[in-house]
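What you see below is based on every heavy atom in this structure, not just the backbone, and it leaves out hydrogens, waters and symmetry mates.
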Amino acid sequence: MPFLRPTAALAALIFTPLAACAQEFNSAPPNASNQTPAFEGQTRAPAMADDIALDTTFIADGLEHPWGMAQLPDGGWLVTERPGRLRIVSARGALSDPIGGLPEISAGGQGGLLDVAIAPDFAQSRRLWISYAAPAQGGNHTAVATATLSADNSALENVKQIFAQVPVYDGNKHFGSRVVPDGQGNLFVTLGERSDVPIRDTAQADDNHLGKIVRIDALTGAPAAGNPSMGLPETYAKGLRNVQAAALDGNGRLWTIEHGPKGGDELNRIEAGRNYGWPVITYGVDYSGAPINEGITAREGMEQPVYYWDPVIAPAGLAFYRGEMFPEWNGHLLTGALQGDHGLVRLRLEGDRVTGEARHLEGIGRVRDVEVAPDGSILLLTDKDNGELVRVTRQ
């Protein structure tokens with residue numbers, strides 16, 4: 001049983017009743033009522049009902065806007081806090097002091113310390129990666145650094161920035177950024193389009209990293225061998241908006257979920273050299289209600305999303321469920337929701353198509369990241385001033 005620190009806020013959360021699964025979400029009207037999906041099941045998949053009761057255990061609180069997490073070999077968790085702190089939550093719920101040695105971080109708005117990932121051989125190498133908003137002349141940009149964690153877990157050592165998004169931009173929105181080791185010595189890094197850049201179509205341009213996914217050597221940051229010829233040599237795919245969810249499936253293929261406009265969150269299966277359309281094609285509308293560019297949802301040479309949400313859920317974090325605790329969910333996709341009260345969102349996949357959707361734990365708050373623990377339980381980070389690490393188990 002995880003140790004729970006006896007704070008009043010945490011105690012209140014433990015006893016807050018949470019809906020296990022709500023099924024009314026498809027009744028909400030779309031924001032773009034004149035748009036039609038490109039194929040059956042591309043949006044509003046049938047709501048799935050099951051009789052699985054969920055328990056939530058709040059392992060730790062006191063995390064200020066936690067953003068990303070990675071499980072350590074001893075069962076603890078590295079957790080990032082957006083204002084610029086990296087901590088360890090032990091397997092029993094003890095929260096460490098901030099880990100020293102982080103690079104300079106530009107914290108403000110949506111920027112700060114973002115994702116964290118550990119090397120497959122972390123037990124021996126102690127190697128990890130972080131993504132963050134880095135200050136630079138003229139503004140800031142999304143960057144990735146590699147480092148080793150000291151033997152006593154107190155500091156990062158041998159810190160080296162291996163990638164920085166170009167161009168630098170003076171803003172505080174849409175940094176991305178998930179970091180996913182590809183299992184072949186490289187990293188996938190998702191990069192936001194920076195929202196209000198003066199020319200919105202920069203996600204289509206080949207001279208920058210805005211609205212792109214890059215694939216880089218995990219140690220040096222050099223372009224990964226075998227990258228497609230698509231603009232800058234790091235670029236793996238383009239035409240994305242603000243990807244804050246990314247994971248490999250059981251076959252090692254990269255999937256992402258991006259924050260779209262009003263009514264255009266997208267699930268994509270990313271392939272090398274493909275163009276995912278933003279902002280030339282997109283579902284949904286601008287926040288003003290006006291069309292995005294020409295208001296079209298398809299064009300030759302641009303990929304359709306596997307799935308989209310209208311209205312949006314503001315997805316963050318992504319994991320493919322593989323575990324013994326919920327065998328009925330094996331192969332299902334899990335993502336958190338920052339918008340509204342949607343909690344944990346689950347998608348059933350058959351092949352590369354979504355055939356069902358369920359929403360769990362309404363009322364738990366904004367879910368920023370989702371991971372699956374070795375025992376099959378599900379770990380969530382809630383994004384708030386006093387954020388929590390939450391374990392979801394079967395009742």
Worksheet item: Excluding sequence neighbours, so at least two apart, what forms salt bridge (Lys or Arg N to Asp or Glu O under 4.0 Å) with E303?
Response: R274

Discussion item. Looking at D206 and K238, is there a salt bridge between them, counting it only when a charged N and a carboxylate O are closer than 4.0 Å?
Written reply: yes

Practice prompt. May I have the step-by-step check of side-chain contact (heavy atoms from CB on, under 4.5 Å) for L338 and R368, ending in yes or no?
Written response: CA-CA 7 Å; L338 298 168; R368 174 63 72 177; 3.4 Å; yes

Worksheet item: For A70 and A117, which heavy atoms make the closest approach, and how far apart are they?
Response: CB-CA, 4.3 Å

Worksheet entry | Members sharing W129's hydrophobic cluster (side chains within less than 4.5 Å) | V144, I162, F163, V179, L187, V189, L191, V214, I216

Worksheet item: Are R366 and Q339 linked by a side-chain donor-acceptor pair shorter than 3.5 Å?
Response: no

Practice prompt. Among residues two or more places apart or on two chains, list those pairs meeting ring-ring contact (aromatic ring centres under 6.0 Å, His included) that have a residue in residues 256-275.
Written response: none

Worksheet item: Is a side-chain donor-acceptor pair under 3.5 Å present for T297 with Q35?
Response: no

Discussion item. Tell me which pairs pass ring-ring contact (aromatic ring centres under 6.0 Å, His included) where either residue lies in residues 94-121, with sequence neighbours left out.
Written reply: none

Fill in: Test salt bridge (Lys or Arg N to Asp or Glu O under 4.0 Å) applied to D115 - qualifying residues, sequence neighbours left out
R178

Practice prompt. Take N140 and N172 through the test side chain to side chain donor-acceptor pair (under 3.5 Å) and record every step on the way to the result.
Written response: CA-CA 8 Å; N140 50 42; N172 64 5; over 6 Å; no

Result block: side-chain N/O donor-acceptor pairs under 3.5 angstrom for residues 312-320, not counting sequence neighbours:
none

Worksheet item: Side chains of Q42 and E266: closer than 4.5 Å at any heavy-atom pair?
Response: no

Item to complete: Would you tell me whether D286 and S288 have side-chain atoms, one donor and one acceptor, within less than 3.5 Å of each other?
Response: no

Practice prompt. Determine, stepwise, if the pair Y132 / Q161 fulfils side chain to side chain donor-acceptor pair (under 3.5 Å).
Written response: CA-CA 10 Å; Y132 55 102; Q161 186 184 99; 3.1 Å; yes

Worksheet item: Looking just at side-chain N and O atoms, do Q395 and D55 make a donor-acceptor pair shorter than 3.5 Å?
Response: yes

Practice prompt. List the steps and the verdict of side chain to side chain donor-acceptor pair (under 3.5 Å) for N268 and W255.
Written response: CA-CA 6 Å; N268 286 291; W255 293 67; over 6 Å; no

Item to complete: Flag this pair as yes if the NZ/CZ of R241 is under 6.0 angstrom from the six-membered ring centre of W278 and inside a 45 degree cone about the axis; otherwise no.
Response: yes

Item to complete: Could you grab the distance from atom CG of L361 to atom NE2 of H342, nearest 0.5 Å is fine?
Response: 13.5 Å

Worksheet item: What ring-ring contact (aromatic ring centres under 6.0 Å, His included) pairs are there with at least one residue in residues 225-245, not counting sequence neighbours?
Response: F188-Y236

Practice prompt. Begin with the C-alpha distance, continue with both residues' side-chain angles, and end with the deciding distance and a verdict on side-chain contact (heavy atoms from CB on, under 4.5 Å) for H209 and L232.
Written response: CA-CA 8 Å; H209 297 128; L232 299 180; 3.5 Å; yes

Item to complete: State the CG-CG distance between L333 and D249, to the nearest 0.5 angstrom.
Response: 9.5 Å

Worksheet item: Stepwise, does the side-chain contact (heavy atoms from CB on, under 4.5 Å) test hold for Y276 with E271?
Response: CA-CA 10 Å; Y276 291 84; E271 296 184 73; 3.9 Å; yes

Worksheet entry | CG on D383 to CG on D369, rounded to 0.5 Å | 10.5 Å

Worksheet item: Taking only residues at least two apart or on different chains, which pairs with a member in residues 63-80 satisfy salt bridge (Lys or Arg N to Asp or Glu O under 4.0 Å)?
Response: E64-R85

Practice prompt. Apply salt bridge (Lys or Arg N to Asp or Glu O under 4.0 Å) to R87 and list each qualifying residue two or more places apart in sequence or on a separate chain.
Written response: E81

Worksheet item: What pairs of residues pass the ring-ring contact (aromatic ring centres under 6.0 Å, His included) test when at least one of them lies in residues 280-314, not counting sequence neighbours?
Response: Y283-Y308, Y307-W309

Discussion item. Using the rule given for salt bridge (charged side-chain N to carboxylate O under 4.0 Å, His left out), can you reason through E294 versus R299, listing the C-alpha separation, both sets of side-chain angles and the distance that settles it, and then say yes or no?
Written reply: CA-CA 11 Å; E294 298 176 29; R299 176 169 286 180; 3.4 Å; yes

Worksheet item: Which is it for L254 and R269 under the side-chain contact (heavy atoms from CB on, under 4.5 Å) test, yes or no, and what are the steps along the way?
Response: CA-CA 6 Å; L254 180 67; R269 185 170 71 79; over 6 Å; no

Worksheet item: Excluding sequence neighbours, so at least two apart, what forms salt bridge (Lys or Arg N to Asp or Glu O under 4.0 Å) with E40?
Response: none

Item to complete: Applying side chain to side chain donor-acceptor pair (under 3.5 Å), name anything that partners R215, two or more places apart in sequence or on another chain.
Response: D182, N227

Response to the item:
Which of N158, T146, T148 passes side chain to side chain donor-acceptor pair (under 3.5 Å) with R127? Answer is T146

Worksheet entry | Distance under 6.0 Å and angle within 45° of ring axis: R194 vs Y169 | no

Item to complete: Under the side chain to side chain donor-acceptor pair (under 3.5 Å) rule, what do R346 and H332 come out as? Steps first, then yes or no, please.
Response: CA-CA 7 Å; R346 175 168 60 94; H332 291 201; 3.1 Å; yes

Fill in: Heavy-atom pair with the smallest gap, counting every atom of G323 and N330
N-OD1, 2.9 Å

Practice prompt. Taking only Lys NZ, Arg NE, NH1 and NH2, and the carboxylate oxygens of Asp or Glu, determine whether R253 and D352 approach each other closer than 4.0 Å.
Written response: yes

Discussion item. Looking at D152, I want to see if its CG is surrounded by more than 12 non-hydrogen atoms of other residues, nucleotides or ligands under 6.0 Å.
Written reply: yes

Worksheet item: More than 12 foreign heavy atoms under 6.0 Å from CD of E324: is that the case here?
Response: no

Worksheet item: Which heavy atom of S131 sits nearest a heavy atom of L113, and at what distance?
Response: O-CD1, 3.8 Å

